[in-house]
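One structure below.
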Protein chains: 2
Amino acid sequence: MRFHSPSIQYFHAVRRTGSIRAAARLLNVASSAVSRQILKLEQEVGSPLFERTARGLTLTTVGEMLARHVMNVLQDLDRFRSDVASLSGAWHGTISIACIESLAESVLPDLIAAHRSRARRVSFTTMVMGSSDVLEALRRGEADIGIAMALRHPPDLRQVALKRFRLGALVAREHPLARRKTVTLEQCLAFPVIHALPELSIYHLLQPLIAQLSETPEPAIQANSIDLMRELAARGVGVAFQTQLGIVRLTRDAQLVFLPLDNAGSPVWSDLGIYVRAERTLPAFTESFLQELVRELGERERRENAAYPHIA
Amino acid sequence: MRFHSPSIQYFHAVRRTGSIRAAARLLNVASSAVSRQILKLEQEVGSPLFERTARGLTLTTVGEMLARHVMNVLQDLDRFRSDVASLSGAWHGTISIACIESLAESVLPDLIAAHRSRARRVSFTTMVMGSSDVLEALRRGEADIGIAMALRHPPDLRQVALKRFRLGALVAREHPLARRKTVTLEQCLAFPVIHALPELSIYHLLQPLIAQLSETPEPAIQANSIDLMRELAARGVGVAFQTQLGIVRLTRDAQLVFLPLDNAGSPVWSDLGIYVRAERTLPAFTESFLQELVRELGERERRENAAYPHIA
DNA sequence: ACATGTTGCTGCCGTTTCGGCAACGGCTAT
DNA sequence: ATAGCCGTTGCCGAAACGGCAGCAACATGT
């Protein structure tokens with residue numbers, strides 16, 4: 001079922017590996033064959049596709065254009081294959097998901113487990129990474145579905161849904177703040193705080209608000225792992241900040257308390273976006289899971305915003 | 001610049017012509033070559049792509065799926081080509097437009113003339129047809145942009161814009177109705193009427209309204225050409241119905257009068273949709289023209305609805 | 001400075017694939 | 001029945017492809 005020119009496949013492999021010999025190893029062919037196909041391709045396009053450095057190949061501008069086209073072709077071929085397969089009742093394939101850490105604790109495992117119990121022949125590849133890396137993985141075709149903080153997304157990605165969750169403080173049950181209904185940033189900063197490092201998007205949400213305050217904050221802990229911050233907060237080390245998405249288990253065990261942030265009378269929102277490549281049509285089984293994902297996140301958004309109604 | 005398997009191109013040609021020998025003539029190759037490529041393709045897919053009848057070849061279900069994939073590939077290849085070309089300053093290509101007749105008198109010629117005066121290397125192919133044929137031409141990949149009555153469009157088409165224009169009666173300057181500001185359907189039916197045949201979408205707009213009336217209408221003329229109906233109305237033969245889009249010249253020469261229809265106090269809308277294939281990214285020069293088209297139609301919508309403000 | 005490893009590229013040559021020609025059986029229309 | 005068109009199939013030359021070995025250019029490690 002490989003009815004596309006070898007040039008296409010070879011080019012794709014070379015782009016991913018950044019090397020002709022590595023691509024050749026990946027494809028189980030001689031490097032000379034790969035080299036020739038690339039040269040032929042460049043001749044037909046009429047422009048070099050790679051810049052040859054001593055250590056490998058880098059895409060030129062034209063090369064990036066071709067890479068986009070080739071990705072469109074190969075991903076659409078995948079969809080065609082799965083369409084044909086689902087015609088004969090076989091509903092299988094692999095869904096590749098890139099998401100940020102806050103989904104890893106509850107949302108994604110729950111969803112995947114539920115989906116697998118219904119469609120056992122659909123397998124999953126999940127990759128946890130930073131928000132901008134999520135978008136980059138989508139653009140490179142390494143993931144089918146991406147979930148990230150809703151930054152400004154490039155035009156070649158499509159935002160399927162946008163859900164907003166309230167940012168809140170996370171404290172141990174014994175913490176002095178734990179009995180409040182909501183907290184302000186000032187109140188939190190009176191205690192030791194577990195800050196997010198800039199690689200986490202929570203940093204970029206809170207930094208502008210903290211900068212507005214004149215107070216000098218308490219000496220704080222900094223971390224780059226949502227999970228770690230959560231566990232630190234559970235041990236009473238300090239106040240952490242995140243959405244309620246990733247703390248279902250620990251609040252259920254009553255070790256942690258989630259306190260919605262109150263910023264001068266209004267909530268602090270953390271916008272979560274679901275993304276797919278814009279130029280791509282998803283296979284039916286992927287589209288189906290995507291719908292479930294959107295529905296589930298919408299459900300959680302509704303539940304959480306009902307549990308902590310607006311302050312205003 | 002043809003770096004896709006011959007199988008792809010051959011399959012595409014066979015699908016369009018419905019015959020292997022005709023495709024071979026089109027491609028300037030022997031029919032045996034085409035036949036073999038199709039057989040090879042069917043073997044790789046693992047399922048027949050065509051049903052062989054005595055009169056040629058018809059797509060099977062799997063064949064239609066592959067046709068969709070192949071169209072996506074070839075159209076995206078076109079986009080890639082034009083992207084590369086525009087990189088070296090050459091901004092050229094062909095825009096293929098399928099539209100209904102009402103656009104042919106003024107909107108489209110004006111727009112194309114204006115666009116050509118700026119971008120002389122962009123050429124156009126325009127095809128006038130019925131609304132459902134417009135959608136079908138888009139789906140078959142025979143047109144890049146489609147303008148049609150906004151019916152329910154299939155999911156593989158994307159509605160870029162939706163503009164509504166008021167349906168009105170068209171009468172000669174000397175017609176008894178000509179001095180009114182608006183008319184009702186009853187008032188029109190008191191005179192000879194030029195009816196649209198069912199192949200025109202105006203028929204489907206007016207038919208439900210006429211059916212509600214109890215009166216027996218005057219003996220009428222029926223026609224299937226917007227242009228003919230307009231010219232008949234200008235000669236005082238009867239009352240025609242259309243939007244004001246297609247009658248700019250004749251109203252300018254003051255031969256025709258346009259009277260917005262008043263249906264029990266509310267206007268009668270004719271919804272015009274602009275469509276493109278959903279699974280396709282347009283070349284830059286096509287996208288640019290598309291934007292101008294949307295803008296121009298929006299402008300006309302605004303102007304006309306300002307000239308004939310709502311009745312309610 | 002030198003050796004070593006890696007990079008992409010290029011003749012050479014066997015294998016595979018492709019395309020053109022002619023012919024065959026099946027079908028339709030006259 | 002005859003003529004015409006259809007898709008398919010052997011046969012064969014031509015073109016494309018892939019593997020092997022060797023090349024120069026460059027980076028790295030000693």
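Proteins come first, then strands; the chains are lettered A, B, ... in the order of their sequence lines, and each starts at number 1. Just so you know, these numbers come straight off a predicted model, no measurement behind them.
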Walk me through it: do B:Arg230 and B:Glu105 pass the test salt bridge (charged side-chain N to carboxylate O under 4.0 Å, His left out)? CA-CA 11 Å; B:Arg230 184 170 57 220; B:Glu105 196 262 349; 5.1 Å; no
Keeping A:Glu199 on the side-chain end and A:Gly130 on the backbone end, is there a donor-acceptor pair under 3.5 Å? no
For the residue pair A:Phe11 and A:Phe50, categorise the inter-ring angle as parallel (less than 30°), tilted (30 to 60°) or perpendicular (more than 60°). tilted
Check: A:Glu42 side chain, A:Leu49 main-chain N or O, donor-acceptor pair, under 3.5 Å: yes
So, B:Ser5 side chain and A:Ser5 main chain: donor-acceptor pair closer than 3.5 Å or not? yes
Span of DNA chain C in contact with chain A (heavy atoms, under 4.0 Å): C:dT7 to C:dC12
When A:Asp144 is tested against each of A:Arg79, A:Arg277, A:Arg280 for salt bridge (charged side-chain N to carboxylate O under 4.0 Å, His left out), which residue passes? A:Arg280
Specify whether B:His69 and A:Phe80 have parallel, tilted or perpendicular ring planes, treating 30° as the upper limit for parallel and 60° as the lower limit for perpendicular. parallel
What string of B, S and - do you get for nucleotides 6-18 of chain D 5' to 3' if you count protein non-hydrogen atoms under 4.0 Å? BBBBBB-----SS
